[in-house]
Amino acid sequence: MSLSHVLYTKRLRLEPVTSEVIIAANRGRAALEASIDAQVDDGWRGEHVFGAGRSTTVDSKPRHMLVIHEVARSLIGEVRFEPLRGGEGYEIGYAIASGWRRQGFATEAAAAVIKRLEDHGAIQIIAGCAMTNKASIRTLRRLGFDLDGSSARGNAFWWVRRPGV
C-alpha cells in the first residue's frame with residue numbers, strides 16, 4: 001500500500017516523499033522548499049528521510065510523509081511507515097522539529113497516516129518507543145496504542161494498535 005497522495009488535517013499538509021521530492025532534496029534546501037511549497041524549519045533534521053543512505057521508497061512507493069504546517073508554510077517533521085513482514089501491518093514512527101513539539105502535531109499527523117493505513121486494510125500497526133520518552137508515550141496512548149509487554153529492545157518497548165481503536 002502506498003500513500004502517494006497528499007493528506008490534509010486541520011492544521012497540516014502531509015506530503016508524500018516521492019522520487020521527485022528526493023531528487024529536489026539532493027539538489028539542496030532551496031530546491032526541496034520549491035518542491036514542497038514550504039520552507040524547511042531550521043529545527044527539522046531530515047536525516048530520517050534523506051540522510052546517509054536511507055531509502056524512502058519500496059518499489060517506488062512512498063514510505064514517508066513530510067509534515068508541513070499549513071499556516072506557517074513550514075516543514076516541521078515527518079511520519080514514516082514501513083510494512084511488516086507478512087504484509088498485514090505497519091511500523092510507524094514520527095518526528096517533529098523541536099520548536100513545534102508539545103502542540104499535538106505528532107498526534108495529528110500520525111493519526112491521519114494511521115487512518116489511511118487502516119482504511120486500506122492494515123490489521124496491526126506497531127511503534128517502538130524508548131521507555132524514557134514520556135512525550136512519545138503520551139502520543140502513542142492518544143493514538144490508541146497499547147504497550148506490548150512481551151517485547152522489549154534495549155531501553156525501548158514496542159506498542160501495538162489494532163484497527164477500530
Side-chain angles (χ1 to χ4, degrees), residues 1-84 87 89-122 125-130 133-140 142-145 156 159 161:
M1 209 278 304
S2 171
L3 292 181
S4 57
H5 294 82
V6 176
L7 300 177
Y8 292 93
T9 70
K10 183 178 178 182
R11 304 176 291 172
L12 305 172
R13 172 171 44 106
L14 304 174
E15 190 76 37
V17 178
T18 62
S19 57
E20 292 82 12
V21 172
I22 294 168
I23 290 167
N26 288 335
R27 289 188 191 134
R29 183 178 180 143
L32 174 60
E33 290 177 338
S35 171
I36 62 173
D37 191 28
Q39 66 183 7
V40 175
D41 186 273
D42 289 333
W44 181 69
R45 297 173 26 154
E47 70 269 7
H48 293 108
V49 178
F50 302 115
R54 297 277 297 183
S55 171
T56 59
T57 59
V58 173
D59 300 325
S60 301
K61 295 179 182 178
R63 297 188 298 166
H64 283 82
M65 303 291 279
L66 299 177
V67 178
I68 299 166
H69 189 280
E70 280 285 90
V71 172
R73 295 178 66 98
S74 185
L75 170 57
I76 64 169
E78 79 262 357
V79 177
R80 70 165 178 80
F81 51 97
E82 298 185 34
L84 298 174
Y90 291 85
E91 178 184 341
I92 192 167
Y94 46 82
I96 299 294
S98 58
W100 296 88
R101 293 180 187 153
R102 303 190 66 84
Q103 299 176 59
F105 295 120
T107 302
E108 187 174 331
V113 172
I114 288 167
K115 181 178 181 343
R116 184 60 59 92
L117 293 171
E118 289 180 348
D119 286 350
H120 285 87
I125 299 176
I126 64 170
C129 180
N133 190 341
K134 292 182 188 332
S136 195
I137 290 169
R138 283 190 298 273
T139 298
L140 290 168
R142 282 186 198 105
L143 291 166
F145 282 79
W159 295 73
R161 174 188 161 95

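Please read all numbers here as calculations on a predicted model, not as lab measurements.
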- Smallest heavy-atom separation, Ala109 atom then Leu14 atom, equals O-CD1, 3.6 Å
- Query: In chain order, what residues pass the side-chain contact (heavy atoms from CB on, under 4.5 Å) check against Ala34, with sequence neighbours excluded?
  - Reply: none
- By salt bridge (charged side-chain N to carboxylate O under 4.0 Å, His left out) - contacts of Arg27 (at least two apart): none
- Query: To the nearest 0.5 Å, how far apart are CZ in Phe145 and CD1 in Ile125?
  - Reply: 6.0 Å
- Note on the structure: side chain to side chain contact (heavy atoms under 4.5 Å, CB included) test vs Thr107 passes for just one of Leu140, Thr9, Leu143, namely Leu143
- Query: Looking at residues at least two apart in the chain, or sitting in another chain, which of them share a side-chain contact (heavy atoms from CB on, under 4.5 Å) with Ile137?
  - Reply: Cys129, Arg141, Trp159
- Drop me the distance from Arg116's CZ to His5's NE2, to the nearest 0.5 angstrom. 8.0 Å
- Interatomic spacing from CG in Asp42 to CG in Leu75 - rounded to 0.5 Å: 11.0 Å
- Measure the CZ-CD1 distance between Arg101 and Ile96 for me, rounded to the nearest 0.5 Å. 8.5 Å
- Query: Any Lys/Arg nitrogen of Arg80 or Glu82 sitting under 4.0 Å from an Asp/Glu carboxylate oxygen of the other?
  - Reply: yes
- Item | Non-neighbouring partners of Arg73 that pass side chain to side chain donor-acceptor pair (under 3.5 Å), sequence neighbours left out | Asp37
- Considering all heavy atoms of both residues, which atom of Glu108 and which atom of Lys10 are nearest to each other, and what is their separation? OE2-N, 3.4 Å
- Atom pair CZ/NZ of Arg138 and Lys134 - distance to nearest 0.5 Å: 8.5 Å
- How far apart are the closest heavy atoms of Pro16 and Met65, and which atoms are they? CA-SD, 3.5 Å
- Query: Do you see a donor-acceptor pair shorter than 3.5 Å between the side chains of Tyr94 and Ser136?
  - Reply: yes
- Query: If every non-hydrogen atom of Glu70 is compared with every non-hydrogen atom of Tyr8, which pair is closest and at what distance?
  - Reply: OE2-CE2, 4.0 Å
- Can you say whether the rings of His69 and Trp100 are parallel (under 30°), tilted (30 to 60°) or perpendicular (over 60°)? tilted
- Can you name the closest pair of heavy atoms from Phe81 and His64 and give their distance? CE2-N, 4.0 Å
- Task: Could you pull out all residues at least two apart from Ala38 that satisfy side-chain contact (heavy atoms from CB on, under 4.5 Å)?
- Result: Arg13, Ile36, Ile68
- Message: Could you report the tightest heavy-atom contact between Asp41 and Ala97, atom names first, then the distance?
- Response: OD1-CB, 3.7 Å
- Query: Excluding sequence neighbours, so at least two apart, what forms side-chain contact (heavy atoms from CB on, under 4.5 Å) with Glu33?
  - Reply: Arg29, Gln39, Val40
- Nearest-0.5 Å distance that lies between atom CG in Leu32 and atom CG in Asn26: 10.0 Å
